[in-house]
Amino acid sequence: MKKISFPMDIDQASEKQIREMMQEKVPLPDNVRTAKTNACERVRQMSASAEFERGEKHMGKKSHRGLYGTLGSIAAAAAVFSGVCIANPALASKVPLVGHVFEELGNSLGFSGDYEKYVQPLEEQASGDIVLQETTEADEKNDAVYSKTVDGVTVTLSEMYCNEKALYLSMLIQAEDEFPETFLDLSQKPIICLKDNWKFSYNTEEIPGLEYLDGKMIDDHTYAGVLRIELDETLTWADSEENYKTVELPEQFTVDLSIGQIIGDLPESTAPDMPEDLQAEYDQALKDNGLEPVDEAYETYTEEQKEIEHQLFTQMWNQYNERYPEANQFPNAYENWWFDGAWEFSFDVTVDHSDTVTKTVNADDACDIGEIKVTQTPFEISVDYDYSKGVDYVVTVLDAQGRPLASGFGDSFAVQDRDVSKVTVYVVDYYEYMDELKGYYYQDNYEELAKEKTYQELLDERAVYHEEVVF
Amino acid sequence: MEQLVKRAMKHDADAFLELMERYSDQMYKTAWSILKNDADVADAMQDTIVTCYEKIDTLRQPQYFKTWLMRVLMNQCYQILRHYDHFDRSGEMTQIPVHDDGMQRTRFDELLSLVDERYHLILTLFYADELSISEIASLLDMNENTVKTRLKRAREQARRSLNEENKFSYGY
């Protein structure tokens, strides 16, 4: 493929300006954000139904209990804690959980690493506040700083770790009654998420979220999980209709977290099947448009036929949603259980720089891009540079085996299974990279190609600058 | 990103939704550059997300995910435009760019306003979506030289307008 070339008289400043203007993040308008949320909820419903149909294993041995029957009967009394052990007889002899959630979850975490070395129990943070002592009447009224109870469901923030890129927060959720049965994902983890709002002291906006926890059931009453919050996304916001504000991550900040709902996916969807009349209408409409049944002939459809089919399929589901409006909401009683909050917390965060190493290389001689910073945290690697200088280039990083890691501006990459004892930083012409180089590694026959020339060898030849960085 | 796509291709909804989150800005810009109307962009994005999840089995290689996603999105947008064509029999109605807040002006909008409307999509695919010339050619069913020519004209228009604006701003 030929390298694209543009006339030399094009004003370089304008080219940079064009790219910056086109790439500036646009806040989604309310109706677009709502449409996106609805679509995402629909995907979750489809996912739960499909998993059920595939006969995935379900959690627990108990028969399915009605959501409202279960949650409605929960007494309002607060859960009782004893010392730092949860006062559940089944746990009495086990490791105290509060302050040890990362230890308990260990390598089952999707972003595993040596967390014990870095996490801080939250109760140690509150100077003078003893958080998880025996519950007193006063506690039941006021709750402890990091343990809040609402209608028999107690959320306890356990440990925290924050590096320059992400905040990791572990928590226990304890229900006085047993947890409803919950759908397990492919790695046998229960699917539980939080509908919440975050407020960071350096950002004037409240950030609504839907975060999926990574964790497991400890027993029928207790779930332990970890949230990972990407911090870059919290550093820029629209402070007026026209202006965006970006701040540096401060060394210390306060987080206010309000968990509105704790939501789990039920193992079995009880959503009504597609009514026969709507299905028949759809089948008839396919015939009227000269289309064979989808299951048999979809792959043979033309693009236009696929569009017609999709239109008819959408119409059928729109009618379904009108007939069963709750099925189109999240959460809904057909497919979810949930606990209503709110559980509200406020905690101080100190950014931990230990074992976070930033190495700087300077590509100025080769391409005016200036300093390139490669930052390795215990769990991630990322690349930063002055983007206004680097718009004509792509900076990409390969691991010690020559496999691509981060590429581009501010990109982060989990390093848990990669050898990053040394990495190589490449600065590549933007158009060459986009048009040719990046596709090389991902070609179907890359293994064959690599016998002649590996991706790293190709970059060695073509990059305007490269430098090995040893960590 | 590749791992996310691979997981999404196995119908891992979490992975798929994470991809939608990461691409939502690019999806919005692409749909806007065709439709110029937030309400229609909302419909197109909603249908695209659901359709892509339904049809992700048809994606063969993870590295083509973004191109595939944009193709589905553009098809949804064109479907909406055809819907308008069907009802707008006079053919006289012109789509006026409408943001629902009535006044939101981003630098992205500002740049598009400087170039002929026919170049909006190609600029967005190249700069905002960071697709290559060959990927854009494939998406728009054009040959690469046509893409390069249009891109060049779009850049020249934008450059001229920006230079004029810069002169005005700096009082030349």
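To find a chain, count down the sequence lines: A is the first, B the second, and so on, and within it residues start at 1. Computation of the quantities below employed the complete heavy-atom set of this structure, encompassing side-chain atoms and omitting hydrogens, waters and symmetry-equivalent molecules.
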Check step by step if side chain to side chain contact (heavy atoms under 4.5 Å, CB included) holds for B:F108 and A:M22.
CA-CA 5 Å; B:F108 169 74; A:M22 291 298 286; 3.6 Å; yes

Counting only heavy atoms closer than 4.5 Å, note whether [X] contacts chain A via side chain, backbone, both or neither.
{"X": "B:S24", "result": "both"}
{"X": "B:E54", "result": "both"}
{"X": "B:L123", "result": "both"}
{"X": "B:L111", "result": "both"}

Here the pair of heavy atoms bringing A:A35 nearest to B:A42 is CB-O, 3.4 Å

Residue pair B:V50 / A:V43: nearest heavy atoms and the distance that separates them
CA-CG2, 4.5 Å

Looking at B:A13, B:A158, B:A31, which makes the most heavy-atom pairs under 4.5 Å with chain A?
B:A13

Do you know which of B:M27, B:M45, B:Q76 has the most heavy-atom pairs under 4.5 Å to chain A?
B:Q76

Can you tell me how far apart CZ (B:R159) and CD1 (A:I18) are? Round to the nearest 0.5 Å.
8.5 Å

Give, for atom CG of B:L112 and atom CE of A:M21, the distance between the pair rounded to the nearest 0.5 Å.
9.0 Å

With salt bridge (charged side-chain N to carboxylate O under 4.0 Å, His left out) as the test, would you mind laying out the steps for A:E24 and B:K29 before giving the verdict?
CA-CA 10 Å; A:E24 188 173 272; B:K29 287 173 178 168; over 6 Å; no

Under the rule for salt bridge (charged side-chain N to carboxylate O under 4.0 Å, His left out), what residues qualify as partners of A:K36, not counting sequence neighbours?
B:E21

Quick one: are B:F16 and A:C40 in side-chain contact, heavy atoms under 4.5 Å?
no

